[in-house]
Amino acid sequence: MIKQIVQYIVVFILVGTASFFLHEFLLTDNNLGFNSLLKKAYIFHFIFSLSVIISFQLLSKNEKVFVQLGFIYIGLLVFKIAAYTAMCYPQLMGDQYLPRFYRASLLIPVFVFLGLEVFFVSKIMQRR
């Protein structure tokens, strides 16, 4: 189990950092305000998604909780989206000026880490 958790951490670090640097490189804009917001977005999704995966790995050992993991995941996904929206509310909803391209660009970390999350949650659920 520890080996699997270490593998999850390594994959998340590799994919997250590669995605962040590629994302930052492709934007080619030195807008420091947006770069710090982008960094916060990647860190938020990295921590939240990795904690979900590790929690599911640990909870999958308990038979009573295992049958409810799908519902727990849906609830956590809704909470994650709400927390991210609250964190980036001024930029996403237009209270602070940010071009639409950059607003849409803030959704890239959502999809990167959501893909990793779904992949690993499905592997955990199928393993049983």
Side-chain angles (χ1 to χ4, degrees):
M1 181 167 72
I2 299 295
K3 181 181 174 186
Q4 290 169 335
I5 291 174
V6 170
Q7 288 174 346
Y8 298 150
I9 292 170
V10 168
V11 169
F12 268 76
I13 289 172
L14 290 176
V15 171
T17 55
S19 175
F20 172 73
F21 287 119
L22 182 64
H23 191 173
E24 200 173 47
F25 175 74
L26 291 176
L27 287 178
T28 64
D29 189 7
N30 292 332
N31 184 348
L32 294 178
F34 181 73
N35 287 347
S36 67
L37 182 63
L38 187 65
K39 189 181 294 185
K40 278 192 232 176
Y42 271 95
I43 290 171
F44 171 80
H45 288 291
F46 173 82
I47 291 171
F48 198 96
S49 295
L50 188 59
S51 63
V52 165
I53 297 301
I54 291 171
S55 300
F56 271 48
Q57 182 66 38
L58 297 173
L59 290 174
S60 69
K61 304 300 179 199
N62 186 340
E63 188 61 40
K64 288 183 180 180
V65 177
F66 180 78
V67 296
Q68 300 298 322
L69 282 181
F71 297 114
I72 293 170
Y73 181 68
I74 291 171
L76 285 173
L77 187 60
V78 169
F79 177 74
K80 177 182 173 181
I81 292 169
Y84 180 65
T85 304
M87 183 180 87
C88 297
Y89 184 81
Q91 292 84 7
L92 289 175
M93 300 304 163
D95 292 346
Q96 264 184 0
Y97 178 72
L98 191 62
R100 287 183 190 209
F101 175 75
Y102 289 110
R103 262 190 254 159
S105 180
L106 286 174
L107 296 176
I108 291 174
V110 174
F111 295 121
V112 167
F113 287 104
L114 182 64
L116 284 174
E117 227 176 87
V118 168
F119 178 75
F120 286 122
V121 165
S122 66
K123 282 190 130 215
I124 290 170
M125 302 279 288
Q126 288 176 354
R127 227 178 261 147
R128 293 269 295 171

Hey, does Val52 have a side-chain heavy atom less than 4.5 Å from the side chain of Leu77? no
Between Ser49 (side chain only) and Phe46 (backbone N and O only), is there a donor and an acceptor less than 3.5 Å apart? no
To the nearest 0.5 Å, what is the distance between CZ on Phe56 and OH on Tyr73? 7.5 Å
Rounded to the nearest 0.5 Å, how far apart are CD of Gln57 and OH of Tyr8? 4.0 Å
Quick one: pull up CG in Leu50 and CD1 in Ile13 and give me the separation to the nearest 0.5 Å. 8.0 Å
Same cluster or not: are Ile53 and Leu14 linked, directly or through other Ile, Leu, Val, Met, Phe, Trp or Tyr residues, by side-chain heavy atoms under 4.5 angstrom apart? no
Find the distance between NZ (Lys39) and CD (Glu24) and round it off to the nearest 0.5 Å. 7.0 Å
Test Tyr84 against Leu106 for side chain to side chain contact (heavy atoms under 4.5 Å, CB included), laying out the working first. CA-CA 10 Å; Tyr84 180 65; Leu106 286 174; 3.5 Å; yes
Find out whether Met125 and Phe66 are in side-chain contact, i.e. whether some heavy atom of one side chain is under 4.5 Å from a heavy atom of the other. yes
Using modelled atom types only, decide if a donor and an acceptor are shared between the side chain of Ser105 and the backbone of Phe101 within a distance under 3.5 Å. no
Gap separating the OG atom of Ser51 from the NZ atom of Lys80, nearest 0.5 angstrom: 9.0 Å
Kindly assign one of parallel, tilted or perpendicular to the pair Tyr42 and Phe113, based on the angle between their ring planes and the thresholds 30° and 60°. perpendicular
Ile72 versus Leu69: any side-chain heavy-atom pair under 4.5 Å? yes
Rounded to the nearest 0.5 Å, how far apart are NZ of Lys40 and CG of Leu37? 6.5 Å
